[in-house]
Undergrad: 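Pasting in a structure now, in structure tokens, and then I'll have a few things to ask.
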Amino acid sequence: MRFSRSLIPTLKEEPVDAQVVSHRLMLRAGMIRSLGAGIYTWLPLGLRVLRKVEKIVRQEMDRAGAQEVLMPAVQPGELWQESGRWEQYGKELLRFVDRHERQFCFGPTHEEVIADLVRREIRSYRQLPANFYQIQTKFRDEIRPRFGIMRGREFLMKDAYSFDLDVTGLDVSYQTMYAAYQRIFQRCGLAFRAVEADTGSIGGASSHEFHVLAESGEDVIVSCDQCDYAANLEKAVAGEGATHDTEPLLSLQRSATPGQKSIEAVTRFLNITAQRLVKSILVEAAGQPLLLLLRGDRELNLIKAAAALGVPQVTLPDPERAARLANVAMGYLGPMNSHLPILADWELRTARNFACGANEEGWHLQHVNWERDVPTPTFVDLRNVEAGEPCPRCAGGHLLRHQGIEVGHVFKLGDKYSQAMGVRVLNDQGVEQTLIMGCYGIGVSRIVAATIEQHHDQKGILWPPALAPFHVEVLLLNPRDNAEGAAADALYQQLLAAGIEVLLDDRDERVGVKFKDADLLGCPWRVLVGGRSFKEGVVEIQSRDGTRLERVAIADAMEHIAGLVR
RNA sequence: CGGGGUGUAGCGCAGCCUGGUAGCGCAUCGGCUUUGGGAGCCGAGGGCCGGAGGUUCGAAUCCUCUCGCCCCGACCA
């Protein structure tokens, strides 16, 4: 491609609205332009990268035995009513009506459509197992789109759906996809981690997420420094920590704590550690208020709470509402003599002589003990794990926390959709049997952004070779010099003929501009044709990461570059 | 959806308080010079000041309403 004939609108200035590196660099490198909140046009350079990701994904899905299809982006509302998700999905589902007033939505995912296809077309167990995938534009009307391509509303996704006769078959399909995902992210040149994940609203038995490790990641993932345990923070659990259950029971004490409402204030005022103080958090689950108890220094995990209570969602009411439901000022909530149902974090089962709110404004209690003072509640895991806690799987391991960008997700769905939508085949006994589904997503466009988050420096992008828009960029230093121009052009043609993807910067610009833009675009190799080296009959070949710089005779340049690129 | 901010040339911004010819930098176009890390000089084009109402002799500026975008909190590839 010739730079002078291409739309690669690079920006010298930092885009003010872009908050993360990938968004800034994608705008500056002329890869994308915004059309509205969370929707983007992919310009030629960006599209080349997107296509490379697609190609890798497609190859590995095909290799894993999945069959490519392309389903409609626009889906009838009826299908969603059948699965029950028309009501469940909420505002994220973009809905509209056609001229006949029939309901439609723009697909955020395709379980219904594929289930409908399979129930019509697959009749026999002999056609199983089957796995269908597509690479398609999805739309999710995100509450707050941000970070450019990382969290757009419209995005490109690969979604695959497996169908098996039983859960044993599903296990095999799942493992096959899991392995394919590892290959995909490896081939993209990404540092990533597969983690155990919460199954969330889609429901189902088991689930793993694939995260690209990057500081700007919105997700927190936890892993063990010794074994291969890794999980999303929403799901991660810690091993047993130290307990203090040998302490003698002290007698209950009421302490005045006027105006002391926060954990920090109360611990300072009473001169106790936050581990000693039990905090009581009022939440609502399915419209019912209840108290959750946690050690003072821990973070509540609402997803775990929802899972423990068996409700879809647990919410934190605003302070006024909470005070009204609890019948006591915020800051003084406690389990003793509370009229509310109580659920306590697992860690508190060995707590002794702890402090907590007295359910009376201006008072806390100390040396509280289970059974004697408060009926022993149910203990379940309710909190986020912290870095440094013991690993739940191995002896001696400790947990680390990292930031990650979720780029893939594999799910064992079970029969949730196949049951609701009647996806059945005849088994070898001639009996109808409901199929077991798995679903597997990859954020294709998000991979592009995540790659940049992981591979950039002050000057611009450093593409992993597999995803680079071009293998090599040839810089023609003096386009008005006929000899240099001819040499650059000849090299460009040779490279093209050798099947090497090359961008020729033949613009009538000063060298400084070309260097800056080449840094920004981030092709792995850069070749300088012209200037002082040209007079010596050589071209300079530089790696974008600055680790290699070679001078090669012009006549040998093509062969040499081909060797580097392969 | 709640809270905060912001819409003026392709991009980044000033002007608004205190109403009176719409400006600056970059980019674009033409010319000359320059040419190994975002050039210099000369000249030129480009604006329904987000939109609609209102106040006023007169509105980018004041008032009301609206729409877009961005940022902070609950979801997801």
Side-chain angles (χ1 to χ4, degrees), chain A residues 9-20 23 27-28 30 33-39 53 57 89-93 108-110 135-160 181 197-198 200-202 207 209-212 218-219 232 234 283 302-303 306 312-318 404-411 439-450 459-460 475-481 484 507-520 526 528-535 540 542:
Chain A
T10 57
L11 301 174
K12 190 154 52 173
E13 292 175 26
E14 286 289 325
V16 153
D17 286 341
Q19 306 298 312
V20 294
H23 190 195
L27 289 168
R28 286 194 58 208
R33 285 296 183 262
S34 157
L35 185 62
I39 50 181
V53 178
V57 169
Y89 215 90
K91 289 189 173 178
E92 213 170 276
L93 183 63
T109 178
H110 280 69
I135 294 176
Q136 211 231 25
T137 298
K138 302 277 199 262
F139 193 95
R140 293 182 190 171
D141 201 354
E142 289 279 341
I143 298 163
R144 188 147 89 87
R146 61 185 137 171
F147 303 151
I149 292 299
M150 285 257 275
R151 186 191 287 271
R153 292 193 293 173
E154 187 177 297
F155 58 100
L156 193 65
M157 178 174 170
K158 186 285 302 178
D159 48 329
Y181 275 36
D198 183 71
S201 55
I202 303 181
S207 165
E209 290 170 352
F210 289 78
H211 286 261
V212 168
E218 291 185 86
D219 290 308
N232 190 304
E234 294 168 355
V283 299
L302 287 172
I303 291 168
Q313 208 186 12
V314 170
T315 54
L316 283 168
D318 61 66
I405 301 166
E406 187 187 355
V407 290
H409 202 160
V410 294
F411 250 99
C439 78
Y440 318 92
I442 287 183
V444 175
S445 45
R446 183 181 279 182
I447 285 177
V448 177
K459 297 175 179 174
L475 305 196
L476 170 53
L477 297 187
N478 303 311
R480 295 181 186 180
D481 182 302
E484 291 185 13
R507 293 175 298 170
D508 187 10
E509 290 285 355
R510 301 169 67 84
V511 292
V513 173
K514 297 191 179 190
F515 284 138
K516 294 288 186 194
D517 277 349
D519 290 338
L520 188 57
R526 171 192 308 179
L528 307 188
V529 178
R532 54 184 184 236
S533 55
F534 185 76
K535 293 189 181 65
E540 291 169 48
Q542 309 170 336

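All figures in this text were calculated on a predicted structure; none of them were measured in a lab. Naming: A, B, ... by sequence-line order, numbering from 1 per chain.
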Undergrad: Searching all strands shown, indicate the nucleotide that pairs with B:G58 (Watson-Crick or G-U wobble; both distances under 3.5 Å).
TA: none

Undergrad: So, under a plain 3.5 Å distance rule, would you say the side chain of A:E509 forms a donor-acceptor pair with the base of B:G37?
TA: no

Undergrad: With rounding to the nearest 0.5 Å, note down the distance linking CD in A:E509 to CG in A:L477.
TA: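 Going from the CD atom of A:E509 to the CG atom of A:L477 covers 13.0 Å.
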
Undergrad: Would B:U61 be called syn or anti here, given the cut-off of 90° from 0?
TA: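 With its glycosidic angle more than 90° from zero, B:U61 counts as anti.
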
Undergrad: Can you tell me whether the side chain of A:R151 and the base of B:C75 have a donor-acceptor pair closer than 3.5 Å?
TA: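 Such a pair exists between side chain and base.
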
Undergrad: Return the value, rounded to whole Å, for the distance between atom CD1 of A:I442 and atom P of B:C76.
TA: 19 Å

Undergrad: Could you work out the separation of B:U21 and B:C63 based on their C1' atoms and round it to a whole Å?
TA: 26 Å

Undergrad: Contact class for A:L528 vs. all strands (heavy atom < 4.0 Å): base, sugar-phosphate, or nothing?
TA: base

Undergrad: Just to be sure I understand the rule, does A:G530 reach a base, reach only the sugar-phosphate, or reach nothing, if contact means heavy atoms closer than 4.0 Å?
TA: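 The answer is base, as A:G530 lies within the cut-off (heavy atoms under 4.0 Å) of a base atom.
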
Undergrad: Output the single nucleotide from B:C75, B:C71, B:A77 whose closest atom is nearest the side chain of A:Q19.
TA: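 Ranking B:C75, B:C71, B:A77 by closest atom to the A:Q19 side chain puts B:C71 first.
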
Undergrad: When you compare B:G47 with B:G23, how far apart are their P atoms, in angstrom units rounded to a whole number?
TA: 13 Å

Undergrad: Please tell me which of A:E234 and A:K91 maps to the more 5' nucleotide of RNA chain B, matching each residue to the nucleotide holding its nearest heavy atom.
TA: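 This one resolves to A:K91.
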
Undergrad: Quick one: CD1 on A:I442 to CG on A:L156, what's the gap to the nearest 0.5 Å?
TA: 11.0 Å

Undergrad: Pick the closest RNA chain B nucleotide for A:T10 and for A:H23 by heavy atoms, then say which residue is nearer the 5' end.
TA: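 Nearest nucleotide further toward 5': that of A:T10.
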
Undergrad: Just checking A:G531: base, sugar-phosphate only, or nothing, at a heavy-atom cut-off of under 4.0 Å?
TA: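 A:G531: base contact, heavy atoms under 4.0 Å.
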
Undergrad: Pick base, sugar-phosphate or nothing for A:S533, based on heavy-atom distances below 4.0 Å to the nucleic acid.
TA: base

Undergrad: Could you tell me how far B:G25 sits from B:A39 if I compare only their C1' atoms? Round to whole Å.
TA: 16 Å

Undergrad: Could you state the CZ-P distance from A:F534 to B:U35, rounded to the nearest angstrom?
TA: 18 Å

Undergrad: Out of B:U34, B:G38, B:G73, which has the shortest distance to the side chain of A:R510?
TA: B:U34

Undergrad: When all nucleic acid strands are considered with a 4.0 Å heavy-atom cut-off, which category describes A:V513: base, sugar-phosphate, or nothing?
TA: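 If one applies the 4.0 Å heavy-atom cut-off, A:V513 turns out to touch a base.
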
Undergrad: Could you state the atom-to-atom distance from OH of A:Y89 to C1' of B:A77 in whole Å?
TA: 10 Å

Undergrad: State whether the distance check finds a donor on one side and an acceptor on the other, under 3.5 Å, for side chain A:D519 versus base B:G37.
TA: yes

Undergrad: What is the nucleic acid contact for A:R28, judged by heavy atoms within less than 4.0 Å: base, sugar-phosphate only, or nothing?
TA: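 If one applies the 4.0 Å heavy-atom cut-off, A:R28 turns out to touch a base.
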
Undergrad: If we take the C1' atom in both B:G12 and B:G7, what is their distance in whole Å?
TA: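 Per the computed distance, 14 Å lies between those C1' atoms.
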
Undergrad: Provide the Watson-Crick or G-U wobble partner of B:G10, both distances under 3.5 Å; none if there is no partner.
TA: B:C26

Undergrad: Using purine N1 to pyrimidine N3 plus N6-O4 or O6-N4 for Watson-Crick, or N1-O2 and O6-N3 for G-U wobble, both under 3.5 Å, which nucleotide pairs with B:G2?
TA: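 The base-pairing partner of B:G2, which may sit in any strand shown, is B:C72.
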
Undergrad: Just verifying a value: how many Å separate A:Q136 CD and A:F155 CZ, rounded to the nearest 0.5 Å?
TA: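 The CD atom of A:Q136 sits 10.0 Å away from the CZ atom of A:F155.
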
Undergrad: What's the closest nucleotide to the A:E13 side chain, out of B:G37, B:G25, B:C76?
TA: B:G25

Undergrad: Taking the side chain of A:R446 as heavy atoms from C-beta outward, which of B:C75, B:G38, B:A77 is closest to it?
TA: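 Looking only at heavy atoms from C-beta outward on A:R446, the closest nucleotide is B:A77.
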
Undergrad: Rounding to the closest angstrom, what is the interatomic distance between B:G38 and B:C32 at atom P?
TA: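 Per the computed distance, 24 Å lies between those P atoms.
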
Undergrad: Quick one: A:F515 CZ to B:G37 P, roughly how many Å, whole number?
TA: 7 Å

Undergrad: Apply the test side chain to side chain contact (heavy atoms under 4.5 Å, CB included) to residues A:R146 and A:Q19: give CA-CA distance (whole Å), side-chain angles for both, the deciding distance (0.1 Å), then the verdict.
TA: CA-CA 8 Å; A:R146 61 185 137 171; A:Q19 306 298 312; over 6 Å; no

Undergrad: With rounding to the nearest 0.5 Å, note down the distance linking CG in A:L520 to OG1 in A:T10.
TA: 6.5 Å

Undergrad: What is the distance from CG of A:L27 to P of B:C70, rounded to the nearest Å?
TA: 11 Å

Undergrad: Once rounded to the nearest 0.5 Å, what's the spacing between atom OG1 of A:T137 and atom CE of A:M157?
TA: 12.0 Å

Undergrad: Does B:G46 have a Watson-Crick or wobble partner in any strand here, with both distances under 3.5 angstrom, and which is it?
TA: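 B:G46 is paired with nothing.
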
Undergrad: Take atom P in B:C49 and the same atom in B:G20, then report the distance between them in whole Å.
TA: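 So the two P atoms sit 16 Å from each other.
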
Undergrad: In whole Å, I'd like the distance from the CG atom of A:D508 to the C1' atom of B:G30.
TA: 14 Å

Undergrad: A:H409 NE2 to B:C76 P: how many Å, rounded?
TA: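 Taking NE2 of A:H409 and P of B:C76, I get 9 Å after rounding.
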
Undergrad: If you look at every heavy atom in A:L11 and A:P15, which pair is closest and at what distance?
TA: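 Where A:L11 meets A:P15 most closely, the heavy atoms are CD1-CG, 4.3 Å.
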
Undergrad: Which part of the nucleic acid, if any, lies within contact of A:D517, taking any heavy atom under 4.0 Å across all strands shown: a base, the sugar-phosphate backbone alone, or nothing?
TA: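 Base, at least one base heavy atom under 4.0 Å.
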
Undergrad: To the nearest Å, how far apart are A:E92 CD and B:A77 P?
TA: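 One finds 9 Å between P of B:A77 and CD of A:E92, rounded.
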
Undergrad: Does A:G38 reach a base, just sugar-phosphate, or nothing at all? Heavy atoms under 4.0 Å.
TA: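 Nothing, no nucleic acid heavy atom in range.
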
Undergrad: On a heavy-atom basis, which atom in A:M150 and which in A:A450 lie closest, and how many Å separate them?
TA: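 Smallest interatomic distance, heavy atoms only, reads SD-N, 4.5 Å.
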
Undergrad: Once you apply a heavy-atom cut-off of 4.0 Å, does A:E154 come out as touching a base, just sugar-phosphate, or nothing?
TA: nothing

Undergrad: Name the closest nucleotide to the A:R144 side chain, picking from B:C71, B:C26, B:G36.
TA: B:C71

Undergrad: Among the nucleotides B:C71, B:A77, B:G36, which one has an atom lying closest to any side-chain atom of A:F155?
TA: B:A77

Undergrad: Using atom P in both nucleotides, what's the gap between B:G54 and B:U18 to the nearest angstrom?
TA: 24 Å

Undergrad: Of the nucleotides B:C76, B:C13, B:G36, which has the atom closest to the A:V16 side chain?
TA: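 It is B:C13.
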
Undergrad: Determine the Euclidean distance between corresponding C1' atoms of B:C67 and B:G51; express it in Å to zero decimal places.
TA: 7 Å

Undergrad: For the side chain of A:R526 and the base of B:G36, is some donor closer than 3.5 Å to an acceptor across the two?
TA: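 Result: no qualifying N/O pair found.
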
Undergrad: So which nucleotide does B:C17 pair with, by the Watson-Crick or G-U wobble rule with both distances under 3.5 Å?
TA: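 Answer to the pairing question: none, since B:C17 forms no Watson-Crick or G-U pair.
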
Undergrad: A:D17 has a side chain; which of B:G36, B:G73, B:C70 sits nearest to it?
TA: B:C70

Undergrad: From the list B:C72, B:C75, B:G36, which nucleotide is the closest neighbour of the side chain of A:R532?
TA: B:G36

Undergrad: When you measure from the side chain of A:R480, which nucleotide among B:U34, B:C1, B:C70 comes out closest?
TA: B:U34

Undergrad: Do A:I149 and A:R446 have side-chain heavy atoms sitting under 4.5 Å apart?
TA: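 No, too far: nothing below the 4.5 Å cut-off.
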
Undergrad: Do the non-hydrogen side-chain atoms of A:R507 and A:D517 ever get within less than 4.5 Å of each other?
TA: yes

